[in-house]
Structures are given as structure tokens and as C-alpha cells.
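Each remark here refers to the structure printed beneath this line.
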Amino acid sequence: VPIDMPFTEINRIVEAQFAGKTFPEDGSGSVDVTVKRASVAASGNRLLISLLVSAKEKKSFLGLGGEANVHIWGRPVLDQAEQTLRLTDIELAVESEAAFGLLGAAARAAIPHLQKTLAEKATVDLKPFAANAQKKIAAVIADFQKNEDGLRVTAEITRLRLADIAFDSKTLRVIAEAEGAINVYVSALPAL
């Protein structure tokens with residue numbers, strides 16, 4: 001069963017997950033990098049997460065800062081057990097290096113922390129989508145249920161498991177496997 005999610009929906013999830021977050025989260029770095037905006041798009045066989053970040057140097061009294069666009073490419077992998085989508089093989093690029101150049105080595109030192117954190121946290125929880133898909137599939141199956149002329153058909157989905165993912169430029173498609181039972185009860189045969 002395909003479950004299609006437009007990237008506009010994925011963007012809302014990623015925006016909520018990253019916007020307003022500061023890295024490193026424990027504040028241990030010499031530079032705080034705060035995510036202002038986040039979005040997701042398809043990029044070949046990878047997904048691209050684009051972040052608008054603001055960096056501010058903390059160690060000197062000058063408190064220099066700047067903004068940059070950080071682009072993270074990763075290969076999407078479905079974690080079937082956790083029903084999440086995560087990115088692996090993450091690559092990172094910083095646009096507006098000039099703004100970060102004001103911060104020098106301190107900002108460049110913050111980027112690996114950001115990359116590590118993104119590798120750990122770049123996940124999208126698909127459980128709500130699976131639950132919604134199970135309801136939709138149950139509604140479709142209900143249309144097939146019959147109780148007429150000596151024939152009764154019932155169906156029930158007992159489990160929905162996310163099995164695979166694919167995407168194009170507009171949509172992320174999660175393939176789900178449904179398990180359940182269909183019962184057919186015959187109480188009378190048609191007259192010949």
C-alpha cells in the first residue's frame with residue numbers, strides 16, 4: 001500500500017523539529033549555531049535539508065555573529081522497527097561562508113557538531129502517517145464488506161508495517177504492508 005506525503009507536509013515536521021534549536025545543545029561550543037528555518041527537498045537519490053542558521057561567537061567580548069545557509073544531503077533510510085525515516089551518509093555544505101568567515105575557526109569548529117547532531121536527530125516519525133493510513137485502508141475495506149443474499153464478507157487490518165520508501169521531486173512515498181483477515185461466510189447458495 002503506498003502512502004504519499006508531499007514535501008510540504010515533511011517540511012512542517014522538519015521545521016518544528018529544528019527551528020529555534022541551538023547547537024551544540026549543551027552550550028559547550030565556542031559558537032552557538034541557532035536554526036532559524038528548515039526545509040526538505042529531493043536531490044537526486046538523496047534528500048536535501050536546508051537550514052538558515054545564525055551563528056554567534058561566545059568566547060570574546062565582541063560577540064561576532066552571522067547567518068548562513070547550511071545544506072545537508074543524506075540518503076533516506078526507513079527504520080521499520082521504529083517506524084521512522086532517518087538520513088544516513090550525511091554530507092554538509094555551508095553557503096554564505098563569508099558571514100561565517102567573520103567568526104573564523106570558531107564557526108568552522110561548530111559545523112562538525114552540527115553535522116553530528118543532525119546525523120543523530122535527522123529523523124521523521126512516521127507513526128502518525130501509518131496510523132492514518134491504517135484508518136484509510138480500513139475505510140476502503142469496509143466498502144468491500146457485504147451482507148446480502150446468503151453471503152457475508154468481513155475484513156479487518158490487524159497490523160500495518162512500513163516496508164520501503166521512494167520519492168520524486170514533490171512527494172515522499174512510504175510503502176506499507178498490511179496484515180489482517182478477510183472472512184467469507186456463505187449461508188445459502190444461489191438457486192440454479
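If you read the sequence from its start, that first residue is 1, and numbering goes on from there. The structure displayed is predicted, hence computed values, not measured ones.
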Where is the tightest heavy-atom contact between [X] and [Y], given as atom of each residue plus distance?
{"X": "Q80", "Y": "L162", "answer": "CG-O, 3.1 Å"}
{"X": "R46", "Y": "P76", "answer": "CA-CD, 4.3 Å"}
{"X": "Q83", "Y": "L160", "answer": "NE2-O, 4.1 Å"}
{"X": "G44", "Y": "F167", "answer": "O-CE1, 3.5 Å"}
{"X": "S54", "Y": "K36", "answer": "CB-CD, 4.0 Å"}

Spatial distance of atom CZ (R86) from atom CG (L78) [nearest 0.5 Å]: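 Atom-to-atom, R86:CZ and L78:CG are 9.5 Å apart.
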
Output the distance between atom NZ (K21) and atom CG (L51), rounded to the nearest 0.5 Å.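 Answer for the NZ-CG pair, K21 versus L51, is 12.5 Å.
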
Side-chain ion pair, R159 and E177, N-O less than 4.0 Å: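 Not counted as a salt bridge, because no side-chain N and carboxylate O are separated by less than 4.0 Å.
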
Would you call E15 and R12 a salt bridge, using N to O less than 4.0 angstrom?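 No.
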
Other ILVMFWY residues reachable from L48 by side-chain steps of under 4.5 Å: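 Direct or chained contacts put L48 with W73.
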
Path from V14 to L52 over hydrophobic side-chain contacts below 4.5 Å: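 The answer is no; the residues belong to distinct hydrophobic clusters.
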
Pair T22, T34: side-chain N/O donor-acceptor within cut-off below 3.5 Å: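 There is such a pair (donor and acceptor under 3.5 Å, judged by atom type) between the side chains of T22 and T34.
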
My understanding is that only residues two or more places apart in sequence, or in another chain, count here; which of them pass side chain to side chain contact (heavy atoms under 4.5 Å, CB included) with E82?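 With neighbours one apart ignored, the set is D79, T84.
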
